[in-house]
Asker: 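Structure in structure tokens, see below.
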Protein chains: 2
Amino acid sequence: MILSASSVHALRAVAWLAAHENGEAMLGRDLARQVNVPADYLSKVLATLARGGVLTASRGVKGGYRLARPASRIRLIEVVLPFEGKRAIPGCLLRPGHPCRESGACSAHPAWGRVKDTYTAFLEKTTIAQIKGGS
Amino acid sequence: MILSASSVHALRAVAWLAAHENGEAMLGRDLARQVNVPADYLSKVLATLARGGVLTASRGVKGGYRLARPASRIRLIEVVLPFEGKRAIPGCLLRPGHPCRESGACSAHPAWGRVKDTYTAFLEKTTIAQIKGGS
DNA sequence: GGTATTATGGACATACGTGTCCATAATCCT
DNA sequence: AGGATTATGGACACGTATGTCCATAATACC
């Protein structure tokens, strides 16, 4: 249920970036201060997001970070996946990693299936634009 | 979203115990084999469950583990809480650990709140009896 | 071209979850 | 009482997430 600290850092940073876009790139250290995350650690997170195509990074004087696309076209799953890995898509309750087919033996599925589907739908359908007001 | 390995071990063990109750106590090593978990590690998990009042443990020749109550009166949250800690009850998406009030500023709440509530309701209302068929 | 500025990357430290190994305590049976 | 059986607890090993520190590469500005 709980996202890793890196995932939360990433979400907070991207959401803040989306809420304060003004055409200029944002410095890593400013972003770290605004989002209240250690700057040296956030820089790694941001680099990962840049490699993943969510952010664009530029070095030098007028450098910093920007969203690679409008916030309405960035889904939470894209931000979170590099840090959560396969754990982002939950499987069977009692057999993590297994596909968890509805028809099967596990009687936990009726209840667990709803949780699982609600969660995955949240990550796959929610966009950064719907989050950016949050803090 | 993902429960810790210890929580899953605990759920599997308790569910298996519930599905195979026959009046006799079950040996830790047999339980470990059935549930496919390292015996020396599962023993710690089972000890925690016994301390938590979910299981009763008895030593000696006819010893082993039993459910402390009928499976229909053991809720998943009781099994999982000792291993998940406060993480078992998710908070605000972008501020883990915060109460996450609906009225507040965070625009993630409409979508995230449903996920959160579905998850906590699952843990608090589902009983072992509804799980024990699973494997 | 040179210098300041910024992101990038590597090395390292720490904490914790998971797992292993072994000695000890409690209990049952003869 | 004594020995076999079983759970309990402590010490240790290992990998990974998180976080820190510092050198290096890329870029803008003069």
Side-chain angles (χ1 to χ4, degrees), chain A residues 1-13 17 23-33 35-68 80-88 96-97, chain B residues 1-14 17 24-33 35-68 80-88 96-97:
Chain A
M1 182 88 267
I2 261 359
L3 295 164
S4 67
S6 295
S7 290
V8 176
H9 293 345
L11 284 176
R12 285 165 61 101
L17 219 42
E24 302 199 346
M26 175 130 204
L27 294 195
R29 58 169 179 271
D30 293 341
L31 194 44
R33 185 163 34 87
V35 172
N36 201 31
V37 168
D40 283 316
Y41 188 52
L42 185 62
S43 71
K44 315 251 174 185
V45 173
L46 296 174
T48 301
L49 291 173
R51 275 194 300 272
V54 173
L55 265 43
T56 63
S58 54
R59 304 202 238 201
V61 173
K62 275 289 194 176
Y65 299 95
R66 307 164 193 257
L67 296 183
V80 155
L81 200 55
F83 309 102
E84 298 296 310
K86 48 202 163 183
R87 192 181 48 175
Chain B
M1 181 89 267
I2 262 4
L3 295 165
S4 68
S6 295
S7 290
V8 176
H9 294 344
L11 285 176
R12 285 164 64 100
V14 175
L17 219 41
E24 303 198 347
M26 175 132 205
L27 295 195
R29 58 170 179 272
D30 293 343
L31 194 44
R33 186 162 34 84
V35 172
N36 201 31
V37 168
D40 284 316
Y41 188 52
L42 185 62
S43 71
K44 315 251 173 186
V45 172
L46 296 175
T48 301
L49 291 173
R51 275 193 301 271
V54 173
L55 264 46
T56 63
S58 52
R59 305 201 238 201
V61 172
K62 275 288 193 175
Y65 299 94
R66 306 166 193 256
L67 296 184
V80 155
L81 200 54
F83 309 101
E84 298 296 309
K86 48 200 162 180
R87 192 180 50 175

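All of these numbers come straight from a predicted model, not from anything done at the bench. Quick note on labels: first sequence line is chain A, next is B, and so on, each numbered from 1.
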Asker: Quick one: which of C/dC28, D/dT20, C/dG19 gets closest to the side chain of B/His9?
Answerer: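 Nucleotide nearest to B/His9's side chain: C/dG19.
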
Asker: Whole angstroms only, please: what is the OH-P distance between B/Tyr65 and C/dT27?
Answerer: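 So the two atoms are 14 Å apart, to the nearest Å.
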
Asker: For B/Met26 and D/dT5, what is the distance between atoms CE and P respectively, to the nearest whole Å?
Answerer: 18 Å

Asker: What's the NZ-C1' distance between A/Lys62 and C/dA7, to the nearest Å?
Answerer: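 In whole Å, C/dA7 C1' lies 17 Å from A/Lys62 NZ.
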
Asker: In terms of side-chain heavy atoms of A/Leu27, which of D/dT5, D/dT6, C/dA7 is nearest?
Answerer: C/dA7

Asker: Starting at the 5' end of DNA chain C and moving along, which residue's nearest nucleotide shows up first, B/Phe83 or B/Gly60?
Answerer: B/Phe83

Asker: Tell me which nucleotide among D/dA28, D/dT5, C/dT8 gets nearest to the side chain of A/Val61.
Answerer: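 Within the option list, the nearest is D/dA28.
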
Asker: Take atom OH of B/Tyr41 and atom P of C/dC16, then tell me their distance rounded to the nearest Å.
Answerer: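 So the two atoms are 14 Å apart, to the nearest Å.
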
Asker: For D/dG10, does the base pair up with any side-chain atom of B/Lys44 as donor and acceptor (N or O, under 3.5 Å, distance only)?
Answerer: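 Yes, a donor-acceptor pair under 3.5 Å.
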
Asker: Does A/Ser6 put a side-chain nitrogen or oxygen below 4.0 Å from OP1 or OP2 of D/dT18?
Answerer: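 Result: yes.
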
Asker: May I have the distance from B/Leu55 (atom CG) to D/dT6 (atom C1'), rounded to whole angstrom?
Answerer: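 Distance, rounded to whole Å: 15 Å.
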
Asker: Looking only at side-chain atoms of A/Asp40, point me to the closest of D/dG9, D/dA28, D/dC22.
Answerer: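 Among D/dG9, D/dA28, D/dC22, the one nearest the side chain of A/Asp40 is D/dC22.
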
Asker: Distance check: side-chain N/O of B/Arg51 vs OP1/OP2 of D/dA7, anything under 4.0 Å?
Answerer: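 B/Arg51 to D/dA7 OP1/OP2: no side-chain N or O under 4.0 Å.
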
Asker: Please confirm whether the shortest side-chain N or O distance from A/Arg59 to OP1 or OP2 of D/dA25 is below 4.0 Å.
Answerer: no

